[in-house]
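Heads up: the structure comes next, in structure tokens.
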Amino acid sequence: MIKNQSVNAWIEEMKALVKPDNVVVIDGSEAQYEALRAEACSTGEMIKLNEETLPGCYLHRTAVNDVARVEDRTFICAKTKEAAGPTNNWMEPQEAYKMLYDIAKDSYKGRTMYVIPYSMGPVGSEFSKIGIELTDSIYVVLNMAIMTRVGADVLDALGDSEDWIRGLHCRCEIDESKRYICHFPEDNTIISVNSGYGGNVLLGKKCFALRIASFLGKNEGWMAEHMLILGLENPKGEVKYIAAAFPSACGKTNLAMLIPPEKYRKQGYKVWCVGDDIAWMRVGEDGRLWAINPENGFFGVAPGTNEKSNPNALASTRKNTIFTNVAHDLDTNEVWWEGLNDNPPTNALNWRGEEWDYKKYDKADKVGTSGAHPNSRFTAPAENCPCISSEFNSGKGVPISAIVFGGRRAKAAPLVYQSRDWDHGVFVGAVMASETTAAATGKVGVVRHDPMAMRPFCGYHMAEYFQHWLDMGDKLGDKAPKIFNVNWFRLDDDGNFIWPGFGDNMRVLNWILDRCENKVDAKETAIGYVPNAGDIDIEGLDDVNADTLAELLNVDKDVWTAEAKDIEEFFASTFGDKLPAELADSLNTLKEKLN
Ligand code: OXD
Ligand code: MN
């Protein structure tokens with residue numbers, strides 16, 4: 001079936017290394033997927049869920065030691081350590097290949113090699129790029145089939161081109177001590193061994209669409225970003241698009257599928273989801289920035305997803321979805337997770353597959369006592385989403401009016417502010433910091449610097465990445481999107497969230513778009529433009545009055561003086577004199593304005 005010689009040559013090379021019993025090329029047909037689902041169920045790799053209430057849905061459990069991305073075992077194997085930069089682990093490429101090939105050697109014996117031809121982006125679009133993933137996991141095949149565009153038409157679109165990304169995944173023994181997720185940006189190659197967790201093994205996602213693609217983007221003059229894309233439709237039927245970067249598990253999926261508060265809905269406002277995790281953006285013929293979502297599905301965090309927080313995400317998971325590491329209700333053969341509803345199943349297995357007593361749930365030990373793992377996931381087709389954008393499959397993309405950065409910050413960042421210009425906006429993105437979450441292994445809740453939410457995903461030196469952002473601003477000139485920062489997670493002195501978040505975030509998005517169209521004024525502060533109190537609509541919010549709004553918008557001089565010091569230390573210790581001058585200038589301006 002495969003005619004492309006470079007693809008065939010590489011498959012032969014990898015076959016000789018991993019020695020599969022047989023090779024199956026994934027053609028994208030429903031018949032082939034159905035056979036694979038049946039096989040996975042017969043071996044226990046997947047469990048078929050209730051066909052009446054969850055048609056086409058399956059449950060999978062990963063190994064207990066393999067439930068999140070492993071940043072400490074993720075490497076950028078560029079030729080030099082300098083090219084990988086200070087925010088990435090680095091391994092010398094030849095050394096890395098040798099180590100990985102030693103681990104991968106013979107690892108498919110007794111197993112099948114699945115060859116997955118996939119396109120990131122609509123097949124044939126000028127934005128899109130093609131990858132071939134080899135895997136010994138049916139779970140990976142079926143997830144890739146949801147998350148990307150897979151099949152024979154991808155091979156047709158590739159033709160005899162050598163421009164494609166190699167991805168080798170070997171489950172091996174799921175041995176933590178030999179788990180490596182390695183990227184060879186100069187060779188367009190990804191190798192992942194000893195894991196079965198999505199973020200480590202669905203190689204189209206973080207590995208290709210962010211780490212490798214960010215490197216390609218720098219060289220080819222476009223951007224690969226950890227951003228959702230949404231379209232906000234006003235009562236006149238005009239749709240404006242926003243791209244927003246938040247660290248993992250900080251609500252990108254919720255924002256991307258937001259349902260406007262009732263009063264806005266009645267006026268005719270709507271939100272359309274283009275993507276919830278990744279944006280590829282290019283300067284279009286008209287000089288504006290255009291974006292596509294290269295993915296074809298959602299790999300969303302299950303806990304906390306419910307009828308109120310994100311009805312669209314929940315609806316997306318009601319058919320043809322794969323659930324990973326959630327609780328299994330044995331009475332109904334359905335799934336459950338913390339925050340789904342107040343009725344935990346009484347006859348259930350937890351994410352580890354053990355009998356589970358919901359009464360023993362202890363918030364302080366979620367991993368040990370919860371039904372679902374805190375980083376349990378749903379893999380749902382984008383076409384299931386009730387608010388999927390009509391432009392979702394458009395190869396042309398959508399024009400971006402505003403770029404929004406945000407994180408989990410208890411105090412420093414106000415609800416929203418706007419940068420003074422593009423270069424200052426790059427600074428605003430570069431100084432993003434957020435509390436860590438369960439999406440990656442390691443301690444949860446520690447504030448860390450996460451520039452543009454790309455710290456775990458930038459495939460090259462991050463100071464050069466900042467420079468690339470500045471260069472894109474030069475290309476875009478006065479057509480550049482405006483840049484903002486939001487913080488939905490501000491706490492009061494008792495530790496309660498002050499802003500209601502979820503659908504009400506629409507009130508902030510409206511201000512952002514009004515600013516893009518010069519419809520409202522703003523107050524200049526040391527950190528940028530903050531809304532005038534009357535310009536954020538709080539009508540109908542029970543818990544937010546003028547005083548709370550003032551607190552939410554407050555830019556505290558002492559807090560920001562400490563923040564500026566912290567930024568200075570972060571810049572100096574991480575980037576030294578590689579930091580672009582524009583960012584050092586923005587920091588100096590901030591310090592001057594605070595004085
Ligand atoms: C994700 C992540 O899965 O950021 O999107 O971890
Ligand atoms: Mn993500």
Side-chain angles (χ1 to χ4, degrees), residues 60 62 66-74 87 120 139-140 143-144 146-148 181 183 190 192 195-214 223-230 243-257 273-280 291 293-305 310 313 316-317 321-326 337 372-380 382 385 404-408 429 432 434-444 448 450-459:
H60 170 80
T62 64
D66 189 29
V67 291
R69 285 185 291 99
V70 278
E71 292 180 7
D72 55 332
R73 308 198 68 90
T74 298
T87 54
M120 298 312 292
Y139 170 76
V140 167
N143 273 270
M144 285 293 284
I146 297 173
M147 293 305 297
T148 73
I181 321 299
H183 307 71
I190 305 157
S192 164
S195 176
Y197 168 73
N200 300 325
V201 300
L202 307 180
L203 300 184
K205 193 174 180 63
K206 303 301 185 179
C207 300
F208 175 173
L210 289 175
R211 298 195 189 97
I212 297 285
S214 61
M223 307 166 93
E225 299 297 331
H226 193 201
M227 289 181 176
L228 67 92
I229 309 164
L230 66 80
F246 298 82
S248 306
C250 285
K252 281 206 300 296
T253 308
N254 290 346
L255 186 62
M257 299 180 189
C273 173
V274 182
D276 78 328
D277 195 41
I278 298 177
W280 284 1
N293 167 14
E295 301 193 281
N296 201 24
F298 308 113
F299 184 61
V301 178
T305 305
N310 194 340
S316 307
T317 68
T321 292
I322 300 174
F323 297 92
T324 303
N325 293 340
V326 297
W337 50 78
H373 186 275
N375 190 40
S376 54
R377 300 280 179 148
F378 52 81
T379 315
C385 179
V404 177
F405 296 117
R408 275 174 200 271
M432 259 171 77
S434 189
E435 292 155 29
T436 51
T437 67
T441 53
K443 210 164 173 326
V444 167
R448 75 158 178 181
D450 188 354
M452 282 83 169
M454 280 290 278
R455 186 185 186 126
F457 308 120
C458 178

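One-based numbering, in listed order, for ligands and for the atoms of each.
Residue contacts with ligand 1 include Lys206, since one of its heavy atoms falls under 4.0 Å from the ligand.
Residues Pro456 and Lys206 have side chains not in contact (no heavy-atom distance under 4.5 Å, counting atoms from C-beta outward). Looking at heavy atoms from C-beta onward, Asp277 lies in side-chain contact with Lys205 at the 4.5 angstrom threshold.
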Next on the checklist: As a quick check of understanding, evaluate side-chain contact (heavy atoms from CB on, under 4.5 Å) for Arg69 and Phe457, giving each step before the final call.
Outcome noted: CA-CA 11 Å; Arg69 285 185 291 99; Phe457 308 120; 3.5 Å; yes
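At under 3.5 Å, a nitrogen or oxygen of Ser248, whether backbone or side chain, sits near a nitrogen or oxygen of ligand 1.
Cation-pi geometry between Lys252 and Phe246 is not met: the NZ or CZ atom fails to fall both under 6.0 Å from the ring centre and inside 45° of the normal.
Counting protein heavy atoms only, atom 6 (O) of ligand 1 is closest to Arg69 NE, 2.9 Å. Nearest to atom 3 (O) of ligand 1 among the protein's heavy atoms is Arg377 NH1, 2.9 Å.
The Ala439 neighbourhood of ligand 1 comprises atoms 6 (O), with distances under 4.0 Å to a heavy atom of that residue. Counting atoms of ligand 1 from 1 in the listed order, those under 4.0 Å from a heavy atom of Asp277 are 5 (O). When each atom of ligand 1 is checked for a heavy atom of His226 under 4.0 Å away, the hits are 4 (O).
Checking each of Met144, His60, Met147 against Thr379 for a side-chain contact (heavy atoms from CB on, under 4.5 Å) leaves exactly one that passes, namely Met147. Phe378 pairs in a side-chain contact (heavy atoms from CB on, under 4.5 Å) with only one of the listed residues (Ile322, Thr305, Thr324), which is Thr305.
Summary: OD1 is the N/O/S atom of Asp277 found nearest to the Mn ion (ligand 2).
Among the backbone and side-chain atoms of Lys206, an N, O or S atom lies under 2.8 Å from the Mn ion (ligand 2).
In this structure, Gly199 and Phe299 approach most closely via the heavy-atom pair N-CE2, 4.0 Å.
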